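Fair warning: this is a prediction, and the values are worked out from it, not measured in the lab.
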Amino acid sequence: MEISDLASKVIGDLGDKKRWRQYKTRSKQLPPNYRTAVEAFERYLLYGGAGGGGVALFDDLIDLFEQSAADEIPIREVVGADPVGFIETFARNYQEESWLNRERARLNSAIERAATEGK
């Protein structure tokens, strides 16, 4: 599956697709090293399932990197020594909206129903 196909499934409706395209346009305008970092985080979030929250997460991520680039803050100062820890902590703020959390709730509900049906 292509990353754009995966992104379409993650981001959802038409309004979000417009925001996604805006995010992608903004990311292409970053200086090359910041763009490389944002693209790496995007890939990790989309393929690794660590993200959630749809486009809001990516909007905030691009805001952070645009501001960091404008202020000439080195990437290591932004993300620290552990990029995985950084992005997982960053994404944790959006988990309530995560498809994974919705699926976890759905699974718990289904098991609860199954457990009580047999009584």
Side-chain angles (χ1 to χ4, degrees):
M1 178 180 292
E2 293 291 319
I3 197 163
S4 59
D5 296 334
L6 183 59
S8 293
K9 289 182 180 185
V10 172
I11 59 176
D13 70 26
L14 191 56
D16 283 344
K17 288 180 183 178
K18 181 179 179 183
R19 287 175 58 203
W20 178 256
R21 285 191 299 274
Q22 291 169 339
Y23 154 78
K24 293 300 284 184
T25 298
R26 290 170 66 190
S27 71
K28 289 177 184 170
Q29 295 170 352
L30 288 170
N33 57 331
Y34 291 87
R35 183 174 53 243
T36 297
V38 167
E39 289 171 351
F41 287 131
E42 176 186 319
R43 180 178 176 85
Y44 180 82
L45 291 167
L46 291 176
Y47 281 112
V55 182
L57 182 150
F58 293 100
D59 282 343
D60 290 347
L61 184 66
I62 197 71
D63 287 345
L64 173 65
F65 276 86
E66 284 174 336
Q67 189 61 54
S68 298
D71 293 342
E72 298 180 357
I73 298 171
I75 291 171
R76 280 292 181 192
E77 279 190 38
V78 177
V79 304
D82 180 13
V84 172
F86 164 81
I87 198 61
E88 288 183 355
T89 300
F90 189 89
R92 209 171 291 136
N93 294 318
Y94 303 87
Q95 284 187 347
E96 284 187 18
E97 303 171 33
S98 165
W99 65 269
L100 185 56
N101 280 352
R102 288 191 302 271
E103 289 305 315
R104 286 177 179 149
R106 187 175 290 153
L107 173 61
N108 285 332
S109 177
I111 297 303
E112 185 61 32
R113 280 193 318 275
T116 58
E117 286 174 1
K119 291 184 177 184

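Going from atom NZ of Lys28 over to atom CD of Glu39 covers 8.5 Å, rounded to the nearest 0.5 Å. The distance from the CD atom of Glu66 to the CG atom of Leu61 is 10.0 Å, given to the nearest 0.5 Å.
Closest approach of Arg19 to Val55, counting heavy atoms only: CB-CG1, 3.5 Å. The shortest non-hydrogen separation linking Arg76 to Ala81 is NH1-O, 3.5 Å. Annotation for Ile75 and Asn33: closest pair CD1-O, 3.3 Å, computed over non-hydrogen atoms. Minimum heavy-atom separation, Ala91 to Leu45: CB-CD2, 3.9 Å.
Phe41 pairs in a ring pair (Phe, Tyr, Trp, His ring centres under 6.0 Å) with only one of the listed residues (Tyr34, Phe86, Phe90, Phe58), which is Phe86.
Contacts of Asp71 classified as side-chain hydrogen bond (donor to acceptor under 3.5 Å, both in side chains), with partners at least two apart in sequence or in another chain: Gln67.
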Show the numbers, then the answer: is there a side-chain contact (heavy atoms from CB on, under 4.5 Å) between Lys17 and Arg21? CA-CA 6 Å; Lys17 288 180 183 178; Arg21 285 191 299 274; 3.9 Å; yes

One pair to check against side-chain contact (heavy atoms from CB on, under 4.5 Å): Thr25 and Gln29. What are the steps and the verdict? CA-CA 7 Å; Thr25 298; Gln29 295 170 352; 3.7 Å; yes

Please test Phe65 against Arg35 for side-chain contact (heavy atoms from CB on, under 4.5 Å), starting from the C-alpha separation and ending with a verdict. CA-CA 8 Å; Phe65 276 86; Arg35 183 174 53 243; over 6 Å; no

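Contact annotation: the side chain of Gln22 never approaches that of Asp59 to less than 4.5 Å [non-hydrogen atoms, C-beta and beyond].
Between the side chains of Ser109 and Arg113, at least one donor N or O sits under 3.5 Å from an acceptor N or O.
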